[in-house]
**Student:** 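Take a look at the following structure, please.
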Amino acid sequence: MERLKLVLQYFQSNSESISNGICIILALVSVKLYTSFDFNCPCLPQYNKLYSLGVMIVPPIIFFFLGVLVNRHTGVMMDEWMRPVGNRSKNPAVVKYLFSAMLQRALLAPMVWILVTLLDGKIFICAFSVTVDPGLFSGVPNNTGLDVIKIMAKVPCKEDVIFRNSSFRKAVSRYVRCYSQAVGWSILLFLIVVGALGRLIKPCFDDHAAFLQTRYWSNYLDVEQKLFDETCVLHARDFARKCVVQFFEDMTEDSILHLPHPPFITKGSESWEDEEDRLHGITKQEQMDQLLNKWYYSKPELDVTRMAHRPRPCVTWEDPGGKTLYSDV
């Protein structure tokens with residue numbers, strides 16, 4: 001139970017972890033979907049390969065676009081790529097990093113689907129049983145009145161009557177399944193080797209300081225967008241509350257309006273003045289539209305020097321004679 005809590009806390013810690021969790025879930029869904037999928041080969045020479053390749057290719061494409069859709073890096077990358085320059089310059093390295101992160105996560109579920117289909121072998125048998133030379137095996141059904149191509153196309157259909165009391169179909173199926181599993185294990189080995197070599201060789205050729213900067217600013221863009229959305233929600237709530245209260249005040253004369261205390265204001269710590277501060281002087285729709293327009297077309301530069309050097313009050317404690325005891329900043 002404690003381990004499960006730690007895993008959940010990890011996936012809730014930041015948007016990157018959430019994206020990893022979603023991609024893992026998609027990969028598990030792809031495996032579950034394949035195991036529950038009832039694959040029935042047409043057993044016809046002109047349709048076997050088309051149907052098999054469709055089952056092997058179409059679901060990975062769907063899972064890929066689902067991975068792109070649910071990945072938060074997609075939205076952050078597109079916003080950064082398409083936004084006007086304004087007061088903040090663009091960093092192509094950040095866009096490239098976000099695209100790479102999005103692509104790696106989106107490809108996880110499709111690759112799992114393809115590997116599972118290859119290791120299972122049923123789709124490979126349906127697609128390529130026609131290409132197998134029947135002379136390599138004994139017991140070819142030659143009293144069916146069918147040509148060799150049609151007989152080989154029926155190999156995936158184990159319930160077909162032409163293979164009753166015959167070991168030919170099982171031999172061909174094992175032969176093609178071996179090829180399928182060999183291809184699947186080869187692809188898996190290739191991906192693991194490429195990933196390991198990438199981890200080992202990349203630090204030798206890349207500037208690690210530049211990579212840290214790129215990763216930092218990519219995380220910054222993600223956090224900034226989330227904070228902006230959260231601030232917009234709070235601002236919209238306060239603005240809506242003021243509009244509603246103002247509407248009812250205009251409808252009543254010299255009456256007391258009793259409204260429930262809003263849950264987002266703590267007792268004793270915030271007041272109506274605090275709500276006015278959160279509105280930042282915005283009292284009309286046109287002002288808010290101009291502010292959002294300014295945010296999109298000219299985002300503020302990444303410089304908080306003015307805020308860092310904001311004047312701070314200094315309280316000096318003195319005794320009755322005017323002598324300074326100590327100062328509290």
**Student:** Flag the pair Tyr175 / Phe137 as yes when their ring centroid distance falls below 6.0 Å, and as no otherwise.
**Tutor:**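 Yes, the ring centres sit under 6.0 Å apart.
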**Student:** Report, as yes or no, whether the 6.0 Å neighbourhood of atom NZ on Lys299 holds more than 12 heavy atoms from other residues, nucleotides or ligands.
**Tutor:**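 Enclosed: over 12 neighbouring heavy atoms sit under 6.0 Å from NZ of Lys299.
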**Student:** Measuring from atom CG of Leu279 to atom CG of Asp238, what distance do you get when rounded to the nearest 0.5 angstrom?
**Tutor:**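 Answer for the CG-CG pair, Leu279 versus Asp238, is 5.5 Å.
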**Student:** Would you confirm whether Asn48, through its side chain, and Ala127, through its main-chain N or O, come within 3.5 Å as a donor-acceptor pair?
**Tutor:** no
**Student:** Within the distance-only criterion (no hydrogens, no angle test), does the side chain of Ser180 pair as donor or acceptor with the backbone N or O of Val176 below 3.5 angstrom?
**Tutor:** no
**Student:** Check Arg88 with Glu224, please: is the shortest side-chain N to carboxylate O separation under 4.0 Å?
**Tutor:** yes
**Student:** More than 12 foreign heavy atoms under 6.0 Å from CZ of Phe168: is that the case here?
**Tutor:**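 Enclosed: over 12 neighbouring heavy atoms sit under 6.0 Å from CZ of Phe168.
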**Student:** Is it true that a side-chain atom of His73 and a backbone atom of Ala101 form a donor plus acceptor pair closer than 3.5 Å?
**Tutor:** no
**Student:** Do any N or O atoms from the side chain of Lys90 and from the backbone of Trp81 form a donor-acceptor pair under 3.5 angstrom?
**Tutor:**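 Judged by distance alone, yes, a pair lies under 3.5 Å.
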**Student:** Decide if the gap between the ring center of Tyr51 and the ring center of Phe39 is smaller than 6.0 angstrom.
**Tutor:** yes
**Student:** Under the 3.5 angstrom rule, does the side chain of Ser52 hit a backbone N or O of Lys49 as a donor-acceptor pair?
**Tutor:**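 No: the side chain of Ser52 does not pair with the backbone of Lys49.
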**Student:** If you round to the nearest 0.5 Å, how far is OH of Tyr97 from CZ of Arg215?
**Tutor:**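 Between atom CZ of Arg215 and atom OH of Tyr97 there are 4.5 Å.
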**Student:** In terms of relative ring orientation, are Trp217 and Tyr220 parallel, tilted or perpendicular, with 30° and 60° separating the classes?
**Tutor:**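 Perpendicular, since the angle between the ring planes exceeds 60°.
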**Student:** Do Leu188 and Tyr179 sit in the same hydrophobic cluster, where Ile, Leu, Val, Met, Phe, Trp and Tyr count as joined when their side-chain heavy atoms come under 4.5 Å apart?
**Tutor:**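 Yes; Tyr179 is reachable from Leu188 via cluster members.
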**Student:** Starting at OG of Ser89, measure out to CD of Glu301 and round the result to the nearest 0.5 Å.
**Tutor:**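 Nearest 0.5 Å value for the OG-CD distance: 10.0 Å.
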**Student:** Supply the atom-to-atom distance Ile149 CD1 to Thr131 OG1, rounded to the nearest 0.5 angstrom.
**Tutor:**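 So the gap between those two atoms works out to 11.0 Å.
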**Student:** Looking at OG1 of Thr117 and CG of Leu115, how far apart are the two atoms once the value is rounded to the nearest 0.5 Å?
**Tutor:** 7.5 Å
**Student:** Does any N or O in the side chain of Asn293 come within less than 3.5 Å of the main-chain N or O of Asp289, such that one atom is a donor and the other an acceptor?
**Tutor:**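 Side chain of Asn293 to backbone of Asp289, a donor-acceptor pair under 3.5 Å: no, none is there.
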**Student:** So if you build clusters from Ile, Leu, Val, Met, Phe, Trp, Tyr with side-chain heavy-atom gaps below 4.5 Å, do Ile187 and Ile192 land together?
**Tutor:**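 Looking at the clustering, Ile192 is in the same group as Ile187.
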**Student:** With clusters defined by side-chain heavy atoms of hydrophobic residues (ILVMFWY) lying less than 4.5 Å apart, directly or transitively, does Trp113 cluster with Val31?
**Tutor:**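 Yes, Val31 and Trp113 fall within the same hydrophobic cluster.
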**Student:** Is a side-chain donor or acceptor of Arg83 paired with a backbone partner of Tyr297 at a separation under 3.5 angstrom?
**Tutor:** no
**Student:** Is a donor on one side and an acceptor on the other found under 3.5 Å between the side chain of Ser218 and the backbone of Leu98?
**Tutor:**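 Between the backbone of Leu98 and the side chain of Ser218 there is no qualifying donor-acceptor contact (under 3.5 Å).
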**Student:** For Ser30 and Val112, indicate whether the former's side chain and the latter's backbone hold a donor-acceptor pair under 3.5 Å.
**Tutor:**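 Not at all, since once roles are kept as given, no pair shorter than 3.5 Å links the two residues.
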**Student:** Would you say the side-chain atoms of Gln181 pair up with the backbone N or O of Leu119, donor to acceptor, closer than 3.5 Å?
**Tutor:** yes
